[in-house]
2 protein chains.
Amino acid sequence: MPQTSLSSALFTLAQSYRVTVREAINANELGLNALHVRCLHIIAETQHCTANDIVAKTGRDKAQIARLVKELIKLELVSKCADKNDKRCLILSFTEQGKTLFSRLQIAEKQVDSKLCEGLTETQITEFISTATTMINNIKN
Amino acid sequence: MPQTSLSSALFTLAQSYRVTVREAINANELGLNALHVRCLHIIAETQHCTANDIVAKTGRDKAQIARLVKELIKLELVSKCADKNDKRCLILSFTEQGKTLFSRLQIAEKQVDSKLCEGLTETQITEFISTATTMINNIKN
DNA sequence: CCCCAATAGTTGATATAGTCAACTATACGC
DNA sequence: GCGTATAGTTGACTATATCAACTATTGGGG
């Protein structure tokens, strides 16, 4: 390739990344995809997490998230339970199985991440994330 | 968001980028998507461009590219013509309409790019692309 | 207290994107 | 000429994403 353009780098990276994660996940675990994994992360890091929180944090369509969550529940990784103060809100939390799988997932992800970052310094990675974040904010809505 | 992880930054960026490009394209042009656009770029920058070149440069499935090219031809942006030395190779080139649209596209893209890069220095962008390229190579196959 | 706009989530239908495998046609080495 | 490699096409399928309509609940104003 000659001088790679920004858009082409982005596009290629996103695609390769998705494929790699999927392979890693498929190889190690049951049928989870990259978005499932993101959902699990969000559930893990958000106390009192609702489907809406996931929609907000991922920027996806709520229909997509609803179905995704449904799958996680079917897989018995996550359970939902109505908030007693607001029955519209269904709070998502890990089952025991979910917790177990999540910690295995974190290990698998670390492997992908470290492969991704081979030959890069801490600084380069930090700056990469920071630039990416700026870009995300630039085009946010 | 707290400390954004690499994977989440990547994933979000790719998603937002796709949405933004699509909006820009949809707004300005007929039904072209980001991959169509990449194809057009490759056709533009590759002399004697074949479908296979596009497959090689994008890393997509050749079936996908075949259909994409078919659409571009249907839209009368691109035409194909067998290489006289090797009739298996179908060389892709712009039609007049294609040339016109491509230059309009370049303008639209510049707008997206510059929006994306607001507040970033040349150096940051260069390093971003270079880091991304390293990552792509790290997970290539 | 009841109505209503707003909010959380669900569902159906559909569109878009990506993948796999089988197939045709041509080319090239021997 | 024959077998194998290459370029491209097609069908069938799966995965992802999007839109719009719908239910259930909530909280506020009359």
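The chains referred to below are lettered A, B, ... by the order of the sequence lines, with proteins before strands, and numbering in each begins at 1.
Spacing between atom NZ of Lys87(A) and atom C1' of dG9(C) amounts to 16 Å, rounded to whole angstrom units. Atom CG in Asp83(A) sits about 10 Å away from atom P in dG27(D), given to the nearest Å. If you measure from atom CD1 of Ile65(A) to atom P of dT18(D), you get 11 Å, rounded to the nearest angstrom. Per the geometry, CG belonging to Asn52(B) stands 15 Å off C1' belonging to dA25(C), to the nearest Å. One can place NZ of Lys74(A) at 14 Å from P of dT10(C), the figure rounded to the nearest angstrom. Across the protein-nucleic acid pair, Asp53(B) atom CG and dT6(D) atom P stand 15 Å apart, rounded to whole Å. Straight-line distance from the CG atom of Asp86(A) to the C1' atom of dG9(C): 11 Å, rounded to whole Å. Separating the CG atom of Leu90(B) from the P atom of dA25(C) is a distance of 13 Å, rounded to the nearest angstrom.
Taking 4.5 Å as the limit, every side-chain heavy atom of Leu92(B) sits out of range of all side-chain heavy atoms of Leu72(B).
Nearest nucleotide to the Arg88(A) side chain, out of dT7(C), dG9(C), dA7(D): dT7(C).
Residue contacts shown for Lys62(B) include a base, since a base heavy atom lies under 4.0 Å away. Residue-level contact check: Asn85(B) touches the backbone only, with heavy atoms under 4.0 Å from sugar-phosphate atoms and none from bases.
In this pair, Phe102(B) and His41(B) present their aromatic rings perpendicular. The plane angle is above 60°, beyond the 30 to 60° band.
Within the 3.5 Å criterion, the main-chain N or O of Thr95(B) finds no donor-acceptor partner in the side chain of Ser79(B).
The side chain of Lys80(A) places no N or O atom within less than 4.0 Å of a non-bridging phosphate oxygen (OP1 or OP2) of dG9(C).
No hydrogens or angles considered: nothing links the side chains of Thr50(B) and Arg88(B) as a donor-acceptor pair under 3.5 Å.
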B/S/- contact track for nucleotides 14-19 of chain C, protein heavy atom under 4.0 Å: ---SSB
